[in-house]
**Student:** 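Structure in structure tokens, see below.
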Amino acid sequence: MKVLRDLLRDYRFTASFIILCILLAYSSLSFFSPIDPTVWVAIARDQPPSSQHLLGTDSRGIDIFWSGAFAIRNSLIVALVAGVVSRFITIPVAMLAGYKGGMTDRVLMFISDSFLVIPLFLIIVLLAVLIRENLSLVTLGLLLACFGWAWDARVIRSEILSLRERGFTQTAILSGSGTMQLALKEYMPFVTPLVFATLINVMAWAIGLEITLAILGLIKLDIPTLGTMIFWALSYQAILLGRWYWLLTPVILSVLLFIALYWLSVSSSEYLDPRSRIQRVGQSLRA
Amino acid sequence: MLFIRRYLIPRLIQYVLVIFVGITAVFFIPRLLPTDPVARTIAELRSRGSYLDPASIDAMVADLTEMYGLEGSSFDQYIAFWQRLFRGDFGVSFFQFPTPVIQLIKAALPWTLGLLLVTTAIAWTAGILLGGVAGYFNRQGWSRALDVLAMVVRPMPYYVFAFILLLLFGYIFPLFPVAGGASIGRQPSFSWPYISDVLRHAFLPAMSLIILGVTAWFQTMKLVVQNLNAADFVQYARFGGIKERRIVSRYVIRNGMLPQITALALLIGQIFSGALITEIVFTYPGLGTLLYNAIMTGDYNLIMGITVFSIVAITTAILVIDLLYPLFDPRIRYN
Amino acid sequence: MDKIILTTRQLKAFYLLDIHGRQKVVKAVNEVELEILENEIYGIAGESGCGKSTLLKTLAAVVEPPLRQLEGKVIYHINGEEVDVSTLGDEEMRRLRWEFVSYVPQGSMNVLNPVVKLKDTYHDFISSHVKGKSQEETFRMAKAYIAELGLPAEIMGAYPHQLSGGMRQRVTIALATLLRPKIIIADEPTTALDVIVQRGVMQLLKDIQQKLQNTIILVTHDMGVHANVADRIGIMYAGKIVEEAPTEKIFSQPLHPYTQFLINSLPKFGDKTPRQSVPGSPPSLADLPTGCPFHPRCPQVLDICKEQMPAYIAAAADHKVACWLVEEENGQAA
Amino acid sequence: MDKLLEVKNLTKVFSLGSISSRIRITATDDVSFYIKPAEIFTLAGESGCGKTTTAKMILGFEEPTAGAIIHKGKLRTKKEKVWFTEGIQAIFQDPFGTFNPLRTVDRYFFETIQNFKLAGNKKTAVELIDRKLKAVGLSYEEFAGKYPNEFSGGQLQRISIARSLLTDPTLLIADEPVSMVDASLRMSIVNLFKKLKEEFGMSVLYITHDLATAYYVSDRIAIMFRGNIVEMGTVEQVLMQPRHPYTQMLRDSIPEADPRRRWRGRVNLNETEREEYLKQGCRYAGRCPLVMDVCRQEVPADIQVDNVLVKCHNYSEGVIA
């Protein structure tokens with residue numbers, strides 16, 4: 001509770017917290033949706049916003065309000081799968097490279113550097129072109145997870161590298177701790193905030209790529225996501241025909257989501273980063 | 001010389017290795033997937049409604065197999081793949097048959113290169129300068145205001161941001177052309193009307209890349225400089241009564257830009273991807289739009305070609321930045 | 001009588017911190033009274049966390065939030081005039097730096113701009129203070145000074161990382177004294193150095209002081225260094241100067257119990273008799289005990305020590321101490 | 001058994017850089033010494049002399065390039081990654097870094113007990129911890145559940161010693177244990193070493209650059225210079241009548257806390273900072289006031305002079321008797 005109160009002092013955290021709560025509530029409405037967002041022309045097409053259709057309907061005869069709710073949910077699923085699964089690559093790679101050092105470190109860092117250096121977008125496109133029919137939410141998430149771990153692994157590895165040089169590593173070894181104990185008990189408390197902050201970044205990155213791939217028509221287009229909503233609005237010329245509400249809904253939703261995720265990441269990592277926090281307190285006390 | 005052995009050679013080795021690994025991955029990834037590019041292309045044609053009789057399908061399969069270099073064992077294909085690459089042969093485009101892929105890339109490259117180089121240079125320099133000054137004066141109101149602004153713009157992905165600019169200045173306030181690299185029908189020439197036409201067309205894609213770039217560099221630089229403010233040599237310079245303008249330029253920015261050079265090398269691949277996406281939004285006639293057309297027509301060879309070419313180009317750019325770095329950091333030069 | 005160069009009156013400088021909404025006051029400099037003379041080396045001794053670095057900041061007039069000078073004055077005696085530092089504007093203060101008051105930092109490792117040559121750093125400092133001189137002229141001036149101090153001339157073309165620690169520290173001392181300041185503030189100038197290098201660096205500082213006939217305010221925790229170079233020593237404890245006397249007196253007849261412990265705990269060659277540390281631990285400046293801050297550790301504590309901070313007593317003309325014990329003895333004697 | 005730990009011809013060469021470029025730095029060069037039971041042995045020298053590397057090799061944190069480490073008559077083998085930590089324990093320079101700032105200090109005590117199976121249940125564990133803490137002048141109550149930042153440097157260093165005592169070691173390696181502790185608290189640590197020796201019969205390998213505390217606490221001392229031991233003997237002999245020119249210089253440069261004994265004469269630092277990793281000969285030859293031609297050619301042998309080991313040609317050549 002105290003943590004939350006402290007965090008709420010940061011305007012960025014407060015804003016992102018509120019936006020995310022609203023977006024989550026909105027997306028959870030999709031579980032009670034009266035319509036199926038994949039069925040075309042069940043209702044009148046191209047209706048402007050009204051009390052019956054809060055955000056109007058699109059040219060396919062789908063209610064925009066409800067497909068927005070599904071879109072957020074589905075985009076978040078992609079992001080969560082990509083974010084969480086990539087942690088299972090990031091953390092072991094970072095721990096191994098940072099702690100073992102030497103040849104292990106060099107090989108692992110070469111691989112992750114290669115991932116950073118190569119224009120991943122093109123490789124993902126290449127893959128997506130080949131498997132586009134099978135690119136469901138979870139597959140897309142998994143695909144992105146395979147590519148979204150390298151930067152974070154680098155960040156966490158350099159943290160481990162500096163932790164390894166700290167005195168308490170030697171104290172732990174002299175206390176009889178093995179490598180696993182060292183990693184979990186000594187290093188995890190330092191690494192957790194980083195893992196969390198980078199997780200949010202990867203999620204935002206995944207949502208952005210989902211949108212881009214969808215606009216290029218490279219994922220399953222009948223699943224409502226933020227990206228596919230934009231895709232359909234564009235392919236039905238929604239701007240030229242004055243159906244702004246159709247295009248604006250997914251665009252505004254995604255902008256809100258990006259800002260909220262980014263601010264959450266920045267504010268919470270600033271708060272959680274034990275180094276900066278301890279330094280701040282420590283420095284002021286030593287005076 | 002120590003510098004060559006400790007800095008140059010490792011980097012050259014890394015350069016060659018990354019290209020090798022990247023291209024090998026590009027070669028093998030499609031082959032490891034269950035889908036077959038030949039079958040894909042034919043399905044693509046069918047879905048476009050072309051009628052194909054079984055005989056012509058067989059002929060086509062054979063043609064495509066040869067064209068995609070899918071003959072023989074994977075190893076033979078792999079060797080053949082490299083041999084063609086060294087000749088600069090990326091095969092022919094399937095949907096602009098029989099134009100070689102390399103020719104299409106060559107035509108699109110100047111547009112992308114121009115856009116990318118100019119915007120990256122402006123964004124990096126402006127971001128470093130702004131971030132440096134804002135970081136040094138981080139207690140001042142304007143510095144905080146800039147920070148808030150950057151906090152709003154920074155999280156936008158390239159596509160979304162370009163799209164918002166397109167809506168704003170293309171449709172709501174139609175100030176700039178929204179598509180193409182130059183007006184249709186204009187002949188390329190070194191005349192002001194043509195150049196201004198090109199610049200006007202480039203304005204929105206460039207703005208979109210520059211604004212996103214500046215905010216990103218601004219934020220990282222500001223953070224670096226805020227930490228540098230506490231650095232002993234900055235404190236000492238202030239204590240010594242050195243004029244603030246000099247502290248900002250020679251102490252804070254000069255040192256703060258070093259990590260940004262490294263960051264530029266690491267991020268150039270992402271910046272490149274962003275430029276491709278931005279081009280697609282504005283149908284700017286560079287590699288991005290070429291890629292878009294290739295995706296839309298299922299032109300597998302062209303996508304491969306663009307990918308392989310980009311890997312080499314980006315890795316080379318990184319190498320160049322890495323090699324320039326010692327010019328700015330004497331600790332690397334003399335160690 | 002010797003001329004005074006720097007005075008502080010009832011100087012109070014605290015850190016006002018806000019740590020996630022909780023206020024905290026760190027009383028780093030608490031009612032410090034100093035009178036520092038021209039042509040002397042004044043040593044300030046104290047342990048880590050006693051506020052000696054903060055005291056130096058206030059003496060040098062670099063008081064930036066969260067540090068605040070709440071009460072009292074720092075007075076520079078410039079050409080016989082008393083100048084209250086807090087009344088000076090930014091530009092006036094900037095000019096005094098290096099010309100009147102200069103600073104030798106603890107770790108010269110990081111105080112020199114790592115990406116420019118030393119001659120450029122010298123140029124930065126000179127050109128910010130000396131007007132109307134070309135880069136070449138200032139460079140010549142710096143070179144002559146370097147030679148005068150017996151440092152090799154080639155170092156001007158070197159980058160900081162190319163020098164050894166001792167050389168870097170001496171280059172920094174040369175830089176700090178280039179404009180012949182009246183006061184040199186030296187904050188732990190030899191702490192990270194090996195003993196032989198330390199000796200060379202202190203030797204250089206002393207040489208410069210003798211040449212310029214100016215004042216060095218030397219802060220170090222190393223009583224050995226104080227014994228070797230300081231003329232007078234102030235002992236600082238928990239934000240206060242608890243005792244002040246000429247160096248010989250501090251070592252031969254310390255009056256404050258803290259000073260006594262400090263001196264007696266130092267091991268000496270040729271003497272293996274058991275020595276004791278000061279009992280307990282130094283207090284946190286954010287949470288000071290009432291009365292005399294040393295009373296929780298003092299073996300001879302009186303009731304009054306717990307309630308009231310003792311005032312300074314002049315045990316001799318040049319020896320003052322803040323301790324109720326001394327006050328009592330004096331009282332009985334009187 | 002008169003040798004608790006013996007180190008023979010210990011050499012460590014660090015290779016820096018990548019495959020294409022190797023820089024070889026000899027951190028310790030043919031270092032030999034031994035520590036007797038219930039003895040405080042000091043390894044002293046300036047930064048970069050190789051004293052900490054020696055300690056790390058004894059602890060198994062570094063692998064020696066050559067040489068042998070023999071503990072209680074048993075040769076250390078490479079397989080034992082972290083070597084006999086029960087018999088040998090260590091404390092380090094930075095008391096504030098010894099414990100993880102995000103964890104309570106007592107966790108290390110319970111983990112040591114758990115990992116080495118030193119107690120059957122929580123109650124006996126607490127009793128054991130309390131006993132060890134009492135030995136260093138602290139108690140379980142004033143320590144349980146606290147984070148490192150709640151203690152002073154001196155307290156942390158004593159807590160660190162108490163932790164190392166849990167396994168009842170016979171040798172404590174103390175790497176610069178007081179250099180970051182305030183002068184007024186130093187003696188509380190140094191006196192503890194004496195107590196460990198006298199009451200528990202432990203030996204201490206005291207690594208320091210501070211010759212004054214070394215004189216106060218230790219029995220024998222070895223002076224290291226650029227990877228070599230240049231002089232070794234009892235502290236009375238080595239520090240009160242130094243024989244090696246380097247030791248003499250070092251001893252003269254120590255600022256003594258006595259205004260009547262100020263530095264006499266001057267040092268010339270420009271001389272001292274010359275490249276001293278000579279390919280051949282004595283490494284001190286570059287600035288030795290007694291340098292001879294042979295010093296630049298040949299590495300001096302270890303000479304015994306009145307039971308003191310001196311690595312100097314002046315003694316082997318009979319220049320000084």
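Only this structure's heavy atoms are used, side chains among them; waters, hydrogens and symmetry mates stay out. Lettering of chains follows the sequences in order, A, B, ..., and the numbering in each one begins at 1.
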**Student:** When you compare the side chain of C:D120 with that of B:R250, does any pair of heavy atoms fall below 4.5 Å?
**Tutor:** yes

**Student:** Identify the heavy atoms of B:G241 and C:S128 that sit nearest to each other, and give their distance.
**Tutor:** O-CB, 3.6 Å

**Student:** Return yes when atom NZ of B:K243 has more than 12 non-hydrogen atoms of other residues, nucleotides or ligands closer than 6.0 Å, and no otherwise.
**Tutor:** yes

**Student:** Which of residues 222-233 of chain B get closer than 4.5 angstrom to chain C, counting heavy atoms alone?
**Tutor:** B:D232, B:F233

**Student:** Would you list the atom pairs, donor with acceptor, under 3.5 Å between side chains in residues 257-265 of chain B and any protein atom, with sequence neighbours excluded?
**Tutor:**
residue: B:Q260; atom: OE1; partner: B:T220; partner atom: OG1; Å: 3.3
residue: B:T262; atom: OG1; partner: B:L258; partner atom: O; Å: 3.4

**Student:** For the side chain of B:Y236 and the backbone of C:Y103, is there at least one donor-acceptor N/O pair under 3.5 Å apart?
**Tutor:** yes

**Student:** Enter the distance from B:R246:CZ to C:N113:CG here, rounded to the nearest 0.5 Å.
**Tutor:** 11.0 Å

**Student:** Output, in order, the C-alpha distance, side-chain angles, deciding distance and verdict of salt bridge (Lys or Arg N to Asp or Glu O under 4.0 Å) for B:R139 and C:E64.
**Tutor:** CA-CA 12 Å; B:R139 285 173 206 274; C:E64 283 181 346; 5.9 Å; no

**Student:** First locate atom CZ of C:R94, then atom CZ of B:F239, and finally report the distance between them rounded to the nearest 0.5 Å.
**Tutor:** 14.0 Å

**Student:** What do you reckon, is CZ of C:R68 surrounded by more than 12 foreign heavy atoms closer than 6.0 Å?
**Tutor:** no

**Student:** Where on C:L96 is there a heavy atom nearer than 4.5 Å to chain B: the side chain, the backbone, both, or neither?
**Tutor:** neither

**Student:** May I ask you to check whether over 12 heavy atoms, not counting those of C:E91, lie within 6.0 Å of atom CD?
**Tutor:** yes

**Student:** If you count every heavy atom of other residues, nucleotides or ligands that lies below 6.0 Å from C:K211 atom NZ, does the total exceed 12?
**Tutor:** yes

**Student:** If only atom types and distance count, is the side chain of C:R97 paired as donor or acceptor with the main-chain N or O of B:G240 below 3.5 Å?
**Tutor:** no

**Student:** Which bit of C:V115 comes within less than 4.5 Å of chain B, counting heavy atoms only: side chain, backbone, both or neither?
**Tutor:** both

**Student:** So which atom in C:P114 and which in B:P330 form the shortest heavy-atom distance, rounded to 0.1 Å?
**Tutor:** O-CG, 3.6 Å

**Student:** May I ask you to check if B:R331 and C:Y159 form a cation-pi contact, with NZ or CZ under 6.0 angstrom from the six-membered ring centre and within 45° of the axis?
**Tutor:** no

